[in-house]
Amino acid sequence: MKNDEVMNIAKKRGFLWSSFEIYSGVAGFFDYGPLGATLKNNIMNKWRNYYVISEGFYEIESPTIMPEEALKASGHVDHFNDPMTECKDCLEVFRADHVINEATGKDVEGLENDELSRILSEEKLSCPRCGGHLTHVWSYNLMFQTLIGSKGKKTGYMRPETAQGIFIPFKRLLRFNRGKLPFGVVQMGKAYRNEISPRQGVIRLREFTQAEVEIFVNPKNKNHPNFKEVSGDVLNLYSAESQMKETGPSKLTAQHAVTEEIISSEILTYQLCLARRFLNDLGISDDVIRFRQHLSSEMAHYAIDCWDVEIETDSFGWIEIIGIADRTDFDLKSHSIHSKEDLTVFIEYSEPKTVMKIMAKPQMKKFGPLFKADAPKIMEILKNTDASSIEESFQEKGHYPVEVDGTIHNLTPDIIEFQEVEETIRGEKIYPHVIEPSYGIDRIIYSVLLHCFQEEDDRTILKLPADIAPVEVNVFPLVNKKELANLAQEIKKLLRNNGFIAEYDASGTIGRRYARSDEIGVPYAVTVDHKSLEDNTITIRNRDDSKQVRIPIKEVYNTLGDLINLRIRFEDL
RNA sequence: GCGGCUGUAGUCUAGUCUGGUUAGGACUUGGGCCUUCCAAGCCUACGACCCGGGUUCAAAUCCCGGCAGCCGCACCA
């Protein structure tokens, strides 16, 4: 399996290995070794080039530990507590609420475990598989819980996604962007999920790195100003419809996908295109990429459209590495309700609207003495009540009942005056919708390693794009002679002084060194030979075809700089 | 969480069934020799029985527990 070979090399050469090995490891945790950490940084910086520099979305950084209230609002506290029950006979484990729901049709979501246990026994429910006896219900919490502060009173959780760290300071972010939509904010960082049984190496981790973008848009305008730039891009789309019909994915232009309403909006389509371009830049080709739309049954209740970017692997099938969703206004609305903060955006109309409106005006001379302390509260209620409903009530019943703190006051026509007023409306307050591309960095790194790995004859080559390769250039003396070695060392120093990640290696034959170099994906090797001593030239060897060109030593860092930053191609030297 | 299989240097592996000398080999890696372009050869060195407990005069080997990996089930808003 290619997976096994890649993971072997990753371990052997210092990209990735499982953490805490000397204590026999803990499932779901991985270390990035010297090359892995550098590769990860390079990939994350390339990602920044896309989203921070090109798209103009600023990056923020928020804590990885979050207070319970925040995750309560986001729905994670409730959603991550799965009530479980086990069959004592066949030892199958089930979601208790699912068992009850399927057997009785009752909606028991959100009930306490004790309550669920009670229902299980009262309804005499048994194992759906073998009919055996079910145990009491316990919670399996997918969030890592911790306590904040020395008194340990405040419950905290490790964040299950970086996104919430963007929604919470939304007011400040909106102000930073001077109150105008659309704008995007990104965050890269660790997220944590206490998976029941993590497997598949780096694919399902308990601690992983996300790169998330939250783009806040006006729900009435989900177009994208630069859509033209991507409209011709061809996407391998596996829509919900073709999944149901089992017709397989189809290759369509972005324009087509929007026109045919396969993808719900221009902006979502634009994000799909961006993701594809990013993956291409990492050396992942289109034939292993597909965009799979969530079926309505698997879509989170707050999303209206969601596409997973999937990569084909030999041992895990198609794996999700990026999720691109239209999360609507769910998160902001929910945080707004829980925090009592106004998280709306004021959208100004291009033309102010004037409307005629009937206002119910209290006659204060009678109002005050009549209702005393309740008067201000009643006025507040009047302000928020449609005057026409009061008028109707007067006509039907002769009065309008108002409840204040449990007491009912009847308003009568003699204390209310109706006035027609002209009101100017300059705009409206709305909750923005959120378009969210969410990248799983660890899975992307795995995909990059997997698909850059090539075996040609007896050679193993990691064909990493030059601009993300952790080691940029190796310098070798052709044979281990003092004069050649000295010059090679000097050139390595020269390259390092010019900002290259350069290594020197004189151990073993030149072929062995080239082989080692290829295996970790070093794109170029500089070789010092006898001719170098005579005319101050060296050769640059191209990793992918092992061809060499000879250039003067004094041009070496300019040439390598151009090659590594993809300004020129090796063939054009 | 459950069941099955597995666990010997960096990697692959012999030995385990049938307990018994210094755990053997290959590759890799380090040092040296040789070598003027793609894992050659020679010399040399480093390096391992997953962890804990039990049985036994004696445990890599047998038993129990744990941990990890793989596969299947379940889970993965």
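Side chains included, hydrogens not; waters and symmetry mates left out as well; all remaining heavy atoms used. A note on names: the letters A, B, ... follow the listed sequences, proteins ahead of strands, and every chain is numbered from 1.
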* When we call it a touch if two heavy atoms are under 4.0 Å apart, what does A:Leu478 touch: a base, just sugar-phosphate, or nothing? -> base

* Between B:rA77 (P) and A:Asn194 (CG): distance, integer Å -> 15 Å

* Which part of the nucleic acid, if any, lies within reach of A:Arg204 when heavy atoms closer than 4.0 Å are counted: base, sugar-phosphate only, or nothing? -> base

* With a 3.5 angstrom cut-off on both distances, give the Watson-Crick or G-U wobble partner of B:rA45, or none if there isn't one. => B:rU29

* Mind calculating the distance between CD1 (A:Ile9) and P (B:rU29) to the nearest angstrom? => 13 Å

* **P atoms of B:rU55 and B:rU16, separation to the nearest Å** => 25 Å

* **Phosphate OP1/OP2 of B:rU29 contacted by A:Arg516 side-chain N/O (<4.0 Å)** => yes

* To do: Give the nucleotide from the list B:rC38, B:rA39, B:rG31 with an atom nearest to the side chain of A:Tyr514.
  => B:rC38

* Measure from CD1 on A:Ile22 to C1' on B:rA48 and round the result to the nearest Å. => 16 Å

* Asked: Looking only at atom C1', what distance separates B:rA59 and B:rG52, rounded to whole Å?
  -> 14 Å

* Mind checking A:Glu21 for me? I need base, sugar-phosphate or nothing, with any heavy atom below 4.0 Å counting as a touch. => nothing

* Any idea how A:Phe216 and A:Phe167 line up, ring-wise: parallel (<30°), tilted (30 to 60°), or perpendicular (>60°)? -> perpendicular

* Mind checking the C1' distance from B:rG10 to B:rU29? Whole angstroms is fine. -> 8 Å

* How far does the C1' atom of B:rU13 sit from the matching atom of B:rC51, given to the nearest Å? -> 23 Å

* Nearest listed nucleotide, side chain of A:Thr460, among B:rC70, B:rC38, B:rA39 -> B:rA39

* Pair assignment for B:rG65, Watson-Crick or G-U wobble, requiring both distances under 3.5 Å -> B:rC51

* **Nearest to side-chain heavy atoms of A:Glu519, which nucleotide of B:rA68, B:rC37, B:rA39** => B:rA39

* Relative to each other, are the rings of A:Tyr446 and A:Phe316 parallel, tilted or perpendicular (30° and 60° limits)? -> tilted

* Asked: With rounding to whole Å, what would you report as the distance between B:rG1 and B:rC17 at their C1' atoms?
  -> 33 Å

* Asked: So, does A:His451 use its side chain to make a donor-acceptor pair with the main chain of A:Glu312 at under 3.5 Å?
  -> yes

* Asked: Atom NZ of A:Lys482 and atom P of B:rU36: how far apart are they, to the nearest Å?
  -> 19 Å

* Give the rounded distance in Å between these two atoms: CZ of A:Arg443 and P of B:rC76. => 14 Å

* Is B:rA59 paired to anything, Watson-Crick or G-U wobble with both distances less than 3.5 Å, and if yes, which nucleotide? -> none

* Asked: In terms of heavy-atom contacts, does NZ of A:Lys2 have more than 12 from other residues, nucleotides or ligands at under 6.0 Å?
  -> yes

* Spell out, as yes or no, whether a donor-acceptor pair under 3.5 Å connects the side chain of A:Glu214 to the backbone of A:Val185. => no

* Asked: Are any of A:Arg512's side-chain N or O atoms less than 4.0 Å away from OP1 or OP2 of B:rU29?
  -> yes

* Asked: Which base sits across from B:rU16 as a Watson-Crick or G-U pair, both distances under 3.5 Å?
  -> none

* Residue pair A:Phe30, A:Trp17: steps toward the ring-ring contact (aromatic ring centres under 6.0 Å, His included) verdict -> CA-CA 6 Å; A:Phe30 266 77; A:Trp17 54 70; 9.7 Å; no

* Comparing A:Val479 and A:Phe316 on RNA chain B - which has the more 5′ nearest nucleotide -> A:Val479

* Within the pair A:Thr509 and B:rA40, is there a side-chain N or O less than 4.0 Å away from OP1 or OP2? -> yes

* To do: Please check if the side chain of A:His338 supplies one atom and the backbone of A:Ser334 the other of a donor-acceptor pair under 3.5 Å.
  => yes

* Asked: Contact class for A:Ser18 (heavy atom, under 4.0 Å): base, sugar-phosphate, or nothing?
  -> nothing

* Give A:Asn480 one of three labels, base, sugar-phosphate or nothing, depending on what nucleic acid heavy atoms sit under 4.0 Å from its own. => base

* Should B:rC73 form a Watson-Crick or G-U wobble pair with both distances under 3.5 Å, which nucleotide is its partner? -> B:rG1

* Using the C1' atom on both, measure B:rA60 against B:rC49 and round to a whole Å. => 4 Å

* Structure fact -> Re B:rC38: Watson-Crick or G-U wobble partner, both distances kept under 3.5 Å, found to be none

* To do: Mark yes or no for a side-chain to base donor-acceptor pair under 3.5 Å between A:Glu195 and B:rC75, with no hydrogen or angle criteria applied.
  => no

* How many Å lie between CD on A:Gln548 and P on B:rC37, as a whole number? -> 10 Å

* Asked: What integer number of Å spans the P atoms of B:rA39 and B:rU28?
  -> 11 Å

* Among B:rC37, B:rA68, B:rA77, the one nearest A:Val26 by side-chain distance -> B:rA68

* Measure from CG on A:Asn3 to P on B:rG69 and round the result to the nearest Å. => 14 Å

* To do: Establish, from distance only, whether the side-chain atoms of A:Gln293 and A:Ser239 form a donor-acceptor pair under 3.5 Å.
  => no

* To do: Would you kindly compare A:Val528 and A:Gly508 by the position of their nearest RNA chain B nucleotide and give the one closer to the 5′ end?
  => A:Gly508

* To do: Calculate the interatomic distance between A:Ile520 atom CD1 and B:rA39 atom P; express it in whole Å.
  => 17 Å

* To do: Under 4.0 Å between any heavy atoms, over every strand shown, what does A:Arg541 touch: base, sugar-phosphate, or nothing? Just pick one.
  => base

* **Interatomic distance at P, B:rG15 relative to B:rG7, whole Å** => 12 Å

* Closest to the A:Ile510 side chain: B:rC38, B:rG72, B:rA77? -> B:rC38

* To do: Report yes if the side chains of A:Asn474 and A:Val526 come closer than 4.5 Å at any heavy-atom pair, otherwise no.
  => no

* Asked: Distance check: side-chain N/O of A:Ser507 vs OP1/OP2 of B:rG30, anything under 4.0 Å?
  -> yes

* Asked: Is there a donor N/O on one and an acceptor N/O on the other, under 3.5 Å, for the side chain of A:Arg13 and the base of B:rG10?
  -> no

* Using a cut-off of less than 4.0 Å, is there contact between a side-chain N or O of A:Arg193 and OP1 or OP2 of B:rC75? -> no

